[in-house]
Amino acid sequence: MQLRKIQYVYIFLSAFLVSSGIVISGMVNPDKILRFLDFTGPEWDPSLLWVMLLAIMVFSTAFFAVKNKGSVLFNTPFRAPANSHINARLLLGALIFGAGWGLAGLCPAPALMRTILLDAGTFLFLALMFLGFYLAREK
Amino acid sequence: MSETHLAIFGGILVGLGFALLLLTSGKLAGVSGISAGLLERKRGDLRWRIVFIAGLLSASLLWYFLWPDRFASSQVPSYLRMAVAGFLTGFGARLARGCTSGHGVCGLGRASPSSLTATAIFVVSGGLMVFLIRYFYAT
């Protein structure tokens, strides 16, 4: 499916909104993530829960509006994915992902966004993240 | 505005971003899925991913000039820690087929049981890692 020029503009705008939300909510800062994950700590920060709750509410409104339509704007086909199975791959992957997340306080979006700070550690994180993507790819 | 208000506002923007992406291009994907797809080098499937990442970075750069404090982290992780964290994050996200945005926002937004499972494990595993790090640093 070939995308139209205007759709690329919207894709850019989508990412711009996501990124702005991550900055405004503070989730671009590993301090905030690590304070959330520090459940027994003295300064537990629940912000991430609010971010997720509101993001889920807004997104699900859009998702369920188009779920059974078979297409979205610009006559672009859309098929809602079937729910994937809860298997060993998912459980192990989630466990490993969480460990990495707790180790540096970074997940993929903030890590990409922090490249603008030109910090070597962030680039190292991303290089290894892509290596991880590659090694865990589905063949 | 309090941190809670900022988190709520930021969460709305994140949700709007993924909703806009879905409604205008039919794409239902989180940031790890979008960026990992770059490695597959499928014809005609690369440009939108690059445009999305460009959107993430552009907003990040703009916000950095408007509000640099939002990026200021007190973390000074070693290169080793960043490398290990990056690898675990990437490997785990691909194995679990999603990250904090893919499972945590888009997956939960479409009420997927496997995404709920993955997100719960992300948080428990991340929390455990933070707890262990603090325990070993204290002793």
Side-chain angles (χ1 to χ4, degrees), chain A residues 7-8 10-12 14-21 23-25 29-31 37-39 47 50-52 54-56 58-60 62-63 72-73 76 78 83-84 86 89-90 93-104 107-109 112-113 116 121 124-125 128-129 132-134 136, chain B residues 3 6-8 10-21 23-26 31-32 36 39 48 51-52 55-56 59-61 63 70 73-75 77 79 82-83 85-96 99-100 105 108-110 112 114 117-118 121-122 125-127 129-130:
Chain A
Q7 288 177 291
Y8 285 108
Y10 281 116
I11 288 168
F12 184 87
S14 308
F16 203 91
L17 285 173
V18 169
S19 181
S20 299
V23 173
I24 290 170
S25 63
N29 191 333
D31 283 348
L37 291 173
D38 194 5
F39 297 101
S47 300
W50 289 108
V51 178
M52 286 189 53
L54 272 293
I56 290 164
V58 172
F59 180 77
S60 66
F63 175 77
V72 290
L73 297 175
T76 302
F78 167 68
N83 281 336
S84 57
I86 300 172
R89 193 185 157 100
L90 180 91
L95 203 68
I96 294 171
F97 176 86
W101 193 33
L103 201 54
C107 56
L112 287 165
M113 288 163 59
I116 60 132
L124 189 61
F125 180 99
L128 273 290
M129 183 181 88
F133 283 163
Y134 181 74
Chain B
E3 282 298 311
L6 291 168
I8 289 172
I12 293 172
L13 291 181
V14 170
L16 283 175
F18 285 114
L20 187 70
L21 181 68
L23 297 180
T24 59
S25 70
V31 174
S32 65
L39 299 174
W48 79 272
V51 168
F52 188 90
L56 283 182
S60 181
L61 193 62
W63 280 105
R70 211 60 180 148
S73 161
S74 67
Q75 307 296 320
Y79 287 145
M82 286 299 265
F87 183 76
L88 295 176
T89 304
F91 192 81
R94 211 72 306 262
L95 211 58
C99 58
T100 18
V105 176
L108 286 184
R110 62 186 181 87
S112 149
S114 56
T117 310
I121 297 176
F122 291 167
S125 171
M129 180 56 89
V130 168

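What you see is a predicted model; the values in this text were computed from it and never measured. Labels below follow one simple rule: chain letters A, B, ... track the order of the sequence lines, proteins then strands, and each chain is numbered from 1.
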Seminar exercise, completed: Shortest non-hydrogen pair, B/Met82 vs A/Gly121, comes out as CE-O, 3.5 Å
For this session: Of all the heavy-atom pairs spanning B/Ala19 and A/Ala62, show the shortest one and how long it is.
Result: CB-CB, 3.5 Å
Exercise. B/Leu56 and side chain to side chain contact (heavy atoms under 4.5 Å, CB included): which partner among A/Ser14, A/Ser20, A/Ser19?
Worked result: A/Ser19
Exercise. Residues in side chain to side chain contact (heavy atoms under 4.5 Å, CB included) with A/Leu103, at least two apart?
Worked result: B/Arg81, B/Val84, B/Ala85, B/Leu88, B/Met129, B/Ile133
Problem set entry | Taking every non-hydrogen atom, the tightest pair across B/Gly26 and A/Thr76 | N-CG2, 4.3 Å
Exercise. Atom OH in A/Tyr134, atom CZ in B/Arg94: separation rounded to 0.5 Å?
Worked result: 14.5 Å
Exercise. If we only count heavy atoms from C-beta on, is the A/Phe133 to B/Ser32 side-chain gap below 4.5 Å?
Worked result: yes
For this session: Between chain B and each of A/Cys107, A/Ala109, A/Ala99, count heavy-atom pairs under 4.5 Å; write down the option with the most.
Result: A/Ala99
Exercise. Checking A/Met113 against chain B: side chain, backbone, both or neither under 4.5 Å from a heavy atom?
Worked result: both
Exercise. If you round to the nearest 0.5 Å, how far is CG of A/Leu90 from CD1 of B/Ile121?
Worked result: 6.5 Å
Problem set entry | Side-chain touch B/Leu23/A/Tyr10, heavy atoms, less than 4.5 angstrom | no
Exercise. Of all of A/Val23, A/Leu95, A/Leu112, which one pairs up most often with chain B through heavy atoms under 4.5 Å apart?
Worked result: A/Val23
For this session: Rounded to the nearest 0.5 Å, what's the gap from CD1 on A/Ile86 to OG on B/Ser114? Could you check?
Result: 6.0 Å
Exercise. What residue, out of B/Leu16, B/Ile12, B/Val105, B/Leu20, has the most heavy-atom pairs lying under 4.5 Å from chain A?
Worked result: B/Leu20
For this session: Could you tell me the separation between the CD atom of A/Gln7 and the OG1 atom of B/Thr24, rounded to the nearest 0.5 Å?
Result: 6.5 Å
Problem set entry | A/Trp101 to B/Thr89 - nearest heavy-atom pair and separation | N-OG1, 3.8 Å
Exercise. Relative to chain A, which of B/Ser112, B/Gly127, B/Gly55 shows the most heavy atom pairs under 4.5 Å?
Worked result: B/Gly55
Problem set entry | Under 4.5 Å from a heavy atom of chain A, the part of B/Thr117 involved | side chain
Exercise. Do B/Trp63 and A/Ile24 have side-chain heavy atoms sitting under 4.5 Å apart?
Worked result: yes
For this session: Starting at CH2 of A/Trp50, measure out to CG of B/Leu6 and round the result to the nearest 0.5 Å.
Result: 13.5 Å
Exercise. With only heavy atoms counted, which part of B/Ile8 is less than 4.5 Å from chain A, the side chain, the backbone, both or neither?
Worked result: both
Seminar exercise, completed: Closest non-hydrogen atoms of A/Phe63 and B/Gly109, given as atom of the first, atom of the second and distance, are CD2-O, 4.3 Å
Exercise. Pick from A/Tyr8, A/Phe78, A/Phe39: which one has the most heavy-atom pairs with chain B under 4.5 Å?
Worked result: A/Tyr8
Exercise. Taking C-beta and beyond as the side chain, do A/Val58 and B/Phe18 meet within less than 4.5 Å on heavy atoms?
Worked result: no
Seminar exercise, completed: Sorted by chain and number, sequence neighbours left out, salt bridge (Lys or Arg N to Asp or Glu O under 4.0 Å) with B/Arg70 holds for B/Glu3
Exercise. Would B/Val14 and A/Phe59 count as a side-chain contact (heavy atoms from CB on, under 4.5 Å) if you check the C-alpha gap in whole Å, the side-chain angles of each, and the deciding distance to 0.1 Å?
Worked result: CA-CA 8 Å; B/Val14 170; A/Phe59 180 77; over 6 Å; no
For this session: Tell me, out of B/Pro77, B/Ala83, B/Ala93, B/Ala118, who's got the most heavy-atom pairs with chain A below 4.5 Å.
Result: B/Ala83
For this session: Hey, could you give me the CG/CZ distance between A/Leu128 and B/Phe91, rounded to the nearest 0.5 Å?
Result: 12.5 Å
Exercise. Between B/Ser73 and A/Asn29, what is the shortest heavy-atom contact and its length?
Worked result: CB-OD1, 3.3 Å
